[in-house]
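See structure below.
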Amino acid sequence: MIRTLPALKRALSLWRARRDTIALVPTMGALHAGHLALVRLAQRRANRVIVSIFVNPAQFAPNEDLRAYPRTFAADCAALANLNTDVIWVPSVEIMYPSGFATRIVPEGPATVGLEDAFRPRFFAGVATVVAKLLIQCEPDVAVFGEKDFQQLKVVTRLVRDLNLETRIVGAPIVREKDGLALSSRNAYLSPHEREVAPTLHRVLADCAKAIAAGRPVDSVLKQGSAAITAAGFALDYLEARRAQTLAPVTSVKEGPLRLLVAARIGNTRLIDNVEV
Ligand code: AMP
């Protein structure tokens with residue numbers, strides 16, 4: 001585990017001297033099988049893998065769950081050691097945001113399409129800033145991000161292109177529970193009843209994707225899907241069909257490939273998910 005920038009730089013220059021390739025997997029800890037799948041994918045793409053663990057205050061709004069966010073550091077380290085992760089990079093808030101910190105990256109394009117950004121207005125600036133810093137600190141050849149956060153994957157891909165960062169962004173498929181619920185650190189918040197209801201999100205997404213692929217009108221399919229999500233006890237933030245590449249709105253399957261994206265709250269927990277069409 002590395003906790004200071006000079007120690008990180010020492011590890012990096014050792015690897016670079018040996019011509020090792022480096023992959024980075026950024027996380028906020030509370031690791032589950034979805035994160036570990038990212039690490040395994042990273043290990044196939046590079047000789048050395050860095051997993052960062054940093055709960056990034058800048059991407060939480062004041063009313064969000066920064067303080068309650070699950071922290072399972074000892075278990076995270078054990079799981080990563082098990083996978084032979086080369087370095088766990090654990091910067092402090094002081095390293096990431098030193099006193100006087102005054103620079104933010106405010107992404108546009110896929111960060112302003114009216115999905116997560118409509119409900120979490122400062123979220124992608126927080127993500128873009130911390131990801132840019134992690135990429136500059138670690139100079140990885142590859143960085144792996146989950147499709148679970150589909151809009152975030154698009155934002156980061158654009159960021160790297162726009163800032164000429166020499167890292168290839170790789171997307172990893174969503175890892176799910178047997179009943180379809182996408183793994184998420186926030187699933188730990190769910191009560192037994194909420195946990196029972198939670199797979200509704202994926203079931204509705206899958207049903208809608210099937211109907212849209214079969215040629216049924218997007219609007220009416222999504223209307224029905226929204227009603228099913230609400231009937232299950234969720235407060236729906238959005239259920240939308242978008243172009244998979246640009247996240248632009250669509251009206252017909254003919255504009256495909258499409259992605260269906262959902263965000264909904266149950267009790268105090270906000271869940272997101274998406275599927276391809
Ligand atoms: P987080 O710690 O929640 O910020 O997530 C760190 C990385 O893991 C992000 O790239 C997420 O998209 C990814 N991730 C989270 N959950 C899953 C999942 N169920 N399947 C695949 N990737 C995931």
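Quick note: residue numbers are just sequence positions, from 1. Numbering of ligands and ligand atoms starts at 1, following listing order. Below, each value reflects all heavy atoms present in this structure, side chains not excepted, and no hydrogens, waters or symmetry copies.
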Number the atoms of ligand 1 from 1 as they appear, then name those within less than 4.0 Å of a heavy atom of [X], with their elements.
X	value
I174	20 (N), 21 (C)
G146	9 (C), 10 (O), 11 (C), 12 (O), 13 (C), 22 (N)
L183	16 (N), 17 (C), 18 (C), 19 (N)
P26	6 (C), 7 (C)
T27	2 (O), 6 (C)
F145	10 (O)
Y69	3 (O)

Does a side chain donor of either [X] or [Y] reach within less than 3.5 Å of an acceptor in the other side chain?
X	Y	answer
R216	Q224	yes
Y189	E194	no
Q151	D117	yes

Subject >> Protein heavy-atom partner closest to atom 12 (O) of ligand 1 - residue, atom, separation in Å >> reply: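 I find the closest protein heavy atom is D149 OD2, 2.6 Å.
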Original post:
Can you tell me the protein heavy atom closest to atom 23 (C) of ligand 1 and the distance?
Top reply: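 Among all protein heavy atoms, the one nearest atom 23 (C) of ligand 1 is K148 CB, 3.8 Å.
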**OP:** Evaluate the side-chain proximity of V25 to F145: yes if any heavy-atom separation is below 4.5 Å, no if none is.
**Re:**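 A side-chain contact is absent here, since even the closest heavy-atom pair is not under 4.5 Å.
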Original post:
Should we count CG of N268 as having more than 12 external heavy atoms under 6.0 Å?
Top reply: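 For N268, atom CG is not crowded (no more than 12 foreign heavy atoms under 6.0 Å).
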Original post:
For N47, does the CG atom sit with more than 12 other heavy atoms under 6.0 Å from it, leaving out its own atoms?
Top reply: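 Check passes, neighbour count above 12.
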Under 4.0 Å between a side-chain nitrogen and a carboxylate oxygen: does that hold for [X] and [Y]?
X	Y	value
E64	R270	no
K148	D273	no
E139	R16	no

Please work out, at 4.0 Å between heavy atoms, whether the side chain, the backbone, both, or neither of [X] comes within that distance of ligand 1.
X	value
L38	side chain
H35	side chain
H32	side chain
P173	backbone

Mind checking whether [X] has an N or O less than 3.5 Å away from an N or O of ligand 1?
X	result
S185	no
S184	no
V175	yes
M28	yes

**OP:** Classify the ring geometry between F60 and Y69 as parallel (under 30°), tilted (30 to 60°) or perpendicular (over 60°).
**Re:**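 If you compare the ring of F60 with that of Y69, the planes turn out perpendicular.
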Original post:
Is the backbone N or O of A244 less than 3.5 Å from a side-chain atom of R259, with the two atoms forming a donor-acceptor pair by type?
Top reply: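 No; zero donor-acceptor contacts below 3.5 Å.
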